[in-house]
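Here the structure is laid out as structure tokens; the discussion comes afterwards.
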Protein chains: 2
Amino acid sequence: MSTNRTPLPGRPVRGSKTGRPLMAAMDLLSRRWALRIIWELRDGPLGARPLLARCEGLSSSVLYQRLDELTTADLVAPSEAGYTLTDVGMSLGPALHELNIWADAWAETIHARSPEQPH
Amino acid sequence: MSTNRTPLPGRPVRGSKTGRPLMAAMDLLSRRWALRIIWELRDGPLGARPLLARCEGLSSSVLYQRLDELTTADLVAPSEAGYTLTDVGMSLGPALHELNIWADAWAETIHARSPEQPH
DNA sequence: TGCTAATGTTTCGGAAAACGAAACACAAGG
DNA sequence: CCTTGTGTTTCGTTTTCCGAAACATTAGCA
């Protein structure tokens, strides 16, 4: 599995030859399920199967690919209790919190815009 | 655009049958280039071609697909001057700012961890 | 021992998404 | 006209993801 193309700051990533940290982060975190996996680990370690169970629709193959990338990127590390967020992984918290807040506001505007929802 | 599967809060999205705003946001924003497009529009409207020019590696077909989704999601709107962020699109700013800050910290830890790196 | 269940992980064929390049459409401006 | 810049669509190829099954390992237990 040395064909690991995990985006890291400081080297070329999709959309940036210089690997600006933000671009590397966007590349890494906008891969499908990456943010979700981090989100599910926010309250403590989880094993692979429990993690899979929480992410309905996530396949194991993609899960392990993401875990590999996130591990390479040092956001996640394996431990006795399962996969766990590293310190820097944990420090994504505030950004996710902001995103959560924003999402609620977004939901408001969408509902305000289209009062009668189709069913 | 009849088969537009734009994730919106309140309806099922990838990873959530209930369409929790955060899940819908993750689904929408973790599509490739979505965050980047918003990032590039942060300082004002841009036309499609200029936008394309800024996102090296982005293809026009994907750009228009994203613009369509982001427009449906009410984050982006077309205007005289080009594609522009809506109010709610703009309000993603703080979250992106947090992400930017985090990315820099992340870069620090990566460099601290492996001073001389990959092959 | 042998069975069963839970977990960790890999494999692989098919489906969906992204890419890349070209093409079409339509305005200016020279 | 002809070029130039822009907005947009089309389509064949490549990459990524999905879905299900399989294999490995460990723990409990009759």
Side-chain angles (χ1 to χ4, degrees), chain A residues 1-7 12-17 23-24 26-38 40-41 44-73 76-85, chain B residues 1-7 12-17 23-24 26-41 44-73 76-84:
Chain A
M1 62 176 58
S2 14
T3 22
N4 184 333
R5 260 154 224 186
T6 302
V13 296
R14 287 191 303 220
S16 165
K17 285 188 169 151
M23 294 303 154
M26 282 184 181
D27 190 355
L28 177 69
L29 299 177
S30 75
R31 294 179 180 204
R32 205 166 292 174
W33 297 105
L35 273 179
R36 176 65 177 274
I37 290 169
I38 292 169
E40 294 297 343
L41 293 178
L46 283 176
R49 293 243 182 194
L51 203 42
L52 214 40
R54 288 182 184 227
C55 300
E56 149 183 58
L58 169 61
S59 64
S60 57
S61 45
V62 174
L63 171 62
Y64 283 103
Q65 199 170 327
R66 290 295 162 271
L67 286 175
D68 185 34
E69 292 162 2
L70 294 175
T71 300
T72 298
V76 161
S79 76
E80 292 276 318
Y83 292 96
T84 184
L85 289 181
Chain B
M1 91 87 143
S2 38
T3 20
N4 183 332
R5 262 166 221 175
T6 303
V13 296
R14 289 189 303 217
S16 166
K17 284 188 170 153
M23 295 304 155
M26 282 184 180
D27 189 355
L28 177 68
L29 298 178
S30 77
R31 293 178 180 203
R32 204 168 293 172
W33 297 105
L35 273 180
R36 176 65 177 275
I37 289 168
I38 291 168
W39 179 255
E40 295 297 343
L41 292 179
L46 283 175
R49 294 242 183 194
L51 202 42
L52 214 41
R54 287 181 183 226
C55 300
E56 147 183 61
L58 170 61
S59 66
S60 56
S61 45
V62 174
L63 171 61
Y64 283 103
Q65 200 170 324
R66 289 295 160 272
L67 287 175
D68 185 33
E69 291 162 3
L70 293 175
T71 299
T72 297
V76 162
S79 76
E80 292 276 317
Y83 291 96
T84 184

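What's counted below: heavy atoms across the whole structure, side chains too, no hydrogens, waters or symmetry copies. Order of the sequence lines sets the chain letters (A, B, ...), proteins ahead of strands, with each chain counted from 1.
- Residue order along DNA chain D, read from the 5' end via each residue's closest nucleotide, puts Gly47(B) first among Gly47(B) and Trp33(A).
- The CG-C1' distance, from Asp27(A) to dT16(D), rounds to 13 Å in whole Å.
- Comparing Val62(B) and Gly82(A) by the nucleotide of DNA chain C whose heavy atom lies nearest to each, the residue mapping closer to the 5' end is Gly82(A).
- In this structure, of dC12(C), dT8(D), dC11(D), it is dT8(D) that holds the atom nearest to the side chain of Ala48(B).
- To the nearest angstrom, P of dA18(C) lies 13 Å from CG of Leu67(B).
- The CZ atom of Arg5(A) sits 13 Å away from the P atom of dC17(D) (whole-angstrom rounding).
- For the pair Gln65(B) CD and dA18(C) C1', the computed distance is 8 Å after rounding to whole Å.
- Remark: P of dG8(C) and CD1 of Ile37(A) are 14 Å apart, rounded to the nearest angstrom.
- If you find the closest nucleotide of DNA chain C to Arg66(B) and to Arg49(B), the one lying nearer the 5' end belongs to Arg66(B).
- Distance CZ/Arg66(B) to CG/Leu35(B): 11.0 Å, rounded to 0.5 Å.
- In this entry the distance linking CG of Leu52(A) with C1' of dA6(C) reads 13 Å, nearest Å.
- In this structure, Arg36(A) CZ and Arg54(A) CZ are separated by 9.5 Å, a value rounded to the nearest 0.5 Å.
- Distances shown here put a side-chain N or O of Tyr83(B) below 4.0 Å from the OP1 or OP2 atom of dT8(D).
- In this structure, the CG atom of Leu63(B) is 14 Å from the P atom of dG20(C), given to the nearest Å.
- Nearest approach of Ser79(B) to Pro45(B), heavy atoms of both residues: OG-CB, 4.4 Å.
- Put simply, the side chain of Ser60(A) and the base of dT10(C) share a donor and an acceptor less than 3.5 Å apart.
- The OG atom of Ser59(B) lies 9.0 Å from the CH2 atom of Trp33(B); values are rounded to the nearest 0.5 Å.
- For Thr71(A) against Pro78(A), the heavy-atom pair with the smallest separation is CG2-CD, 4.4 Å.
- Distance from the side chain of Ser59(A) is smallest to dC18(D) among dG20(C), dC18(D), dT9(D).
- Summarising the geometry, the separation between CZ on Arg32(B) and C1' on dG20(C) is reported as 14 Å, rounded to the nearest angstrom.
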